[in-house]
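Read through the structure below, which is laid out as structure tokens, and then see the notes.
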Protein chains: 2
Amino acid sequence: MSVLKKIEAKLEAMAPGDREIGQYIVGNPDQMLRLSTAALAAEIGRSQSSVVKFSQKLGYASYQELKLAVSEAKAQEWQVPAGVIHGSIEVGDSFQVILKKLIGSKLLSMQQTVAANSERVISRALEMLDGARRIHLVGVGASSLVARDFSYKLMKLGRNVLHDSDSHVQMANVSTLGPGDVLFALSYSGASIETLRIAELARKRGTTVIAVTGLHDNPLSRVADIRLYTIADEERARSSSITARDAQLTLTDLLFILLVQRQPDANDYVHNSEMAVSVLKADRSS
Amino acid sequence: MSVLKKIEAKLEAMAPGDREIGQYIVGNPDQMLRLSTAALAAEIGRSQSSVVKFSQKLGYASYQELKLAVSEAKAQEWQVPAGVIHGSIEVGDSFQVILKKLIGSKLLSMQQTVAANSERVISRALEMLDGARRIHLVGVGASSLVARDFSYKLMKLGRNVLHDSDSHVQMANVSTLGPGDVLFALSYSGASIETLRIAELARKRGTTVIAVTGLHDNPLSRVADIRLYTIADEERARSSSITARDAQLTLTDLLFILLVQRQPDANDYVHNSEMAVSVLKADRSS
DNA sequence: TTGGATTTGGAATAATTTATTCCTTGAAAT
DNA sequence: ATTTCAAGGAATAAATTATTCCAAATCCAA
């Protein structure tokens, strides 16, 4: 946990003097970094020594160490840039601000998505995908694109994959599935009717269903054998479809890479398929 | 630019003593953060005052300021986790390491991609897209998925969009284009034959061509009126298709958001299209 | 070359900052 | 009421940082 969070958490239990110091640091980390113990003490009307003692009570060897920790904490915060999480992209924003907010939201959804899925569940999903006779990928709308992207990657690994962007075709394909096959269903809402029906049908036929949905209760994940979750900033319609897609891609990319890890000859497959495609490239200098 | 890069750049022009100090800091930023001027001086066998002077020559008011700058620089580095840039995902990597590397590469390509396109070029592209009678999106393979994703978004804004994943159909569509239309062509290599031919044809018909390619010389961007660039970690086949796609998406997402910004009624369009889709959702609790 | 000018960089020292010690105060416990 | 102990500040010691000054090295121009 970052120092700032740690201080914030302990604030309650602190003596009044220490609390004032803590509040100041949490509230003004930037200033604090450029203040000496005496200056900080003056800022809040306390003694210089109390600031030093504050640092030590938190377990740091020196005030400088505390500063380093604060600096680091602020850095981690950059990762999820200040003001980004709670502020959607606004009409008045400058180009630079939009860039920061866009990348910030993307990063946040990626991080939260990987954090939302335990290694255990991921490796169960891997087992299933790895052992599957056939993998059927379903999704509609934007999720369909992610499904297709994942299907390309799985094909590169020589897997037996089924995907069509037309949900009727998807439905028709389900009737050929059975035990030993895997249905990989993507839907951020977890409520897309077509995807849901297909998952239900597959389940009935004994096919293992892996669902990738948002982290809210939803019908699709209730149907599934293995539940994977994606996190996007739901509130903001303007960016939500972007981050929901990024989250899904992060998850499928992760699964792909982990499959490559456990398939010794994966590089050959990938290499061969890339060679094959390169025949369709023009000479770059032509 | 980060202090470390700045120091590295100036290293050449420095006096021997300063160079030694600079090298140490660049090489051991972590240690440096915990060293006093005297300790750092002792470390490399120089005088304490020379360290102070070094800080001042770099334009910092004090050694502490330099430390803050270094700490910040290191923080930015964290964003692109240490070892990620130069290390691809290896077979022996643990789950946690893979997560970090994956997100690290994704973040890096997003950041570098937005940095690679000047605001000027982006706004020219926007002008074109905004004023276009029709927008024709082309791309094959993975780029086709990005093209489709972008086309969905443009449709949400009520734009006149043309896209088909079949390159023959794409080609057929080109013949209906003319001046006032825009061709948006995606290809990381910039050498996909179909996309290239389509772009050439469109150009001949007076259509404005916007190309999104990797940052190397390539035939597609040579044909284009407006050149946008994507950055991916080329070297590593295993992740390159992932980051190339992420870079393309970052760019198209950015364009989409900027279009929303300049279209006053955009929210209505987006809202309406989302309402329309929600008819196809099951009740989440059902 | 040679002699002045400039730069480099260290020693000494001043100034500032940090850490410790010691003491007072006040609140809780007995 | 007395003891105990935590809180917190004043004083001071220790350390770190900044400045000044000077010697040596280096660079130029004549």
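What you see is a predicted model; the values in this text were computed from it and never measured. Proteins get letters first, then strands, A, B, ... in listed order; numbering begins at 1 in each.
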query: According to a strict under-4.0 Å criterion, is B:Ser47 in side-chain N/O contact with OP1 or OP2 of C:dG10?
result: yes
- request: Find out whether B:Thr243 and B:Leu108 are in side-chain contact, i.e. whether some heavy atom of one side chain is under 4.5 Å from a heavy atom of the other.
  value: no
message: Using ring-ring contact (aromatic ring centres under 6.0 Å, His included), reason through B:His216 and B:Tyr229 one step at a time and then give a plain yes or no.
response: CA-CA 9 Å; B:His216 38 248; B:Tyr229 295 104; 8.6 Å; no
Trace of the side-chain hydrogen bond (donor to acceptor under 3.5 Å, both in side chains) decision for A:Glu65 with A:Ser55: CA-CA 8 Å; A:Glu65 288 284 328; A:Ser55 314; over 6 Å; no
field: For atom CZ of A:Arg19 and atom P of D:dA6, their distance in whole Å
entry: 18 Å
- request: Could you pull out all residues at least two apart from A:Lys153 that satisfy salt bridge (Lys or Arg N to Asp or Glu O under 4.0 Å)?
  value: A:Asp149, A:Asp253
message: Could you tell me how far apart B:Arg46 (CZ) and C:dA11 (C1') are, to the nearest whole angstrom?
response: 15 Å
task: Step by step, work out the side-chain hydrogen bond (donor to acceptor under 3.5 Å, both in side chains) result for B:Thr37 and B:Gln48.
output: CA-CA 5 Å; B:Thr37 50; B:Gln48 177 263 330; 3.2 Å; yes
message: Can you tell me how far apart CZ (B:Arg227) and CG (B:Leu220) are? Round to the nearest 0.5 Å.
response: 10.0 Å
- request: Figure out the CG/C1' separation between B:Leu33 and D:dT16, and round it to whole Å.
  value: 16 Å
statement: Protein-proximity profile, nucleotides 16-21 of chain C, B/S/- by nucleotide at the 4.0 Å heavy-atom cutoff, equals -SBBBB
message: Whole angstroms only, please: what is the CG-P distance between B:Leu40 and D:dA18?
response: 13 Å
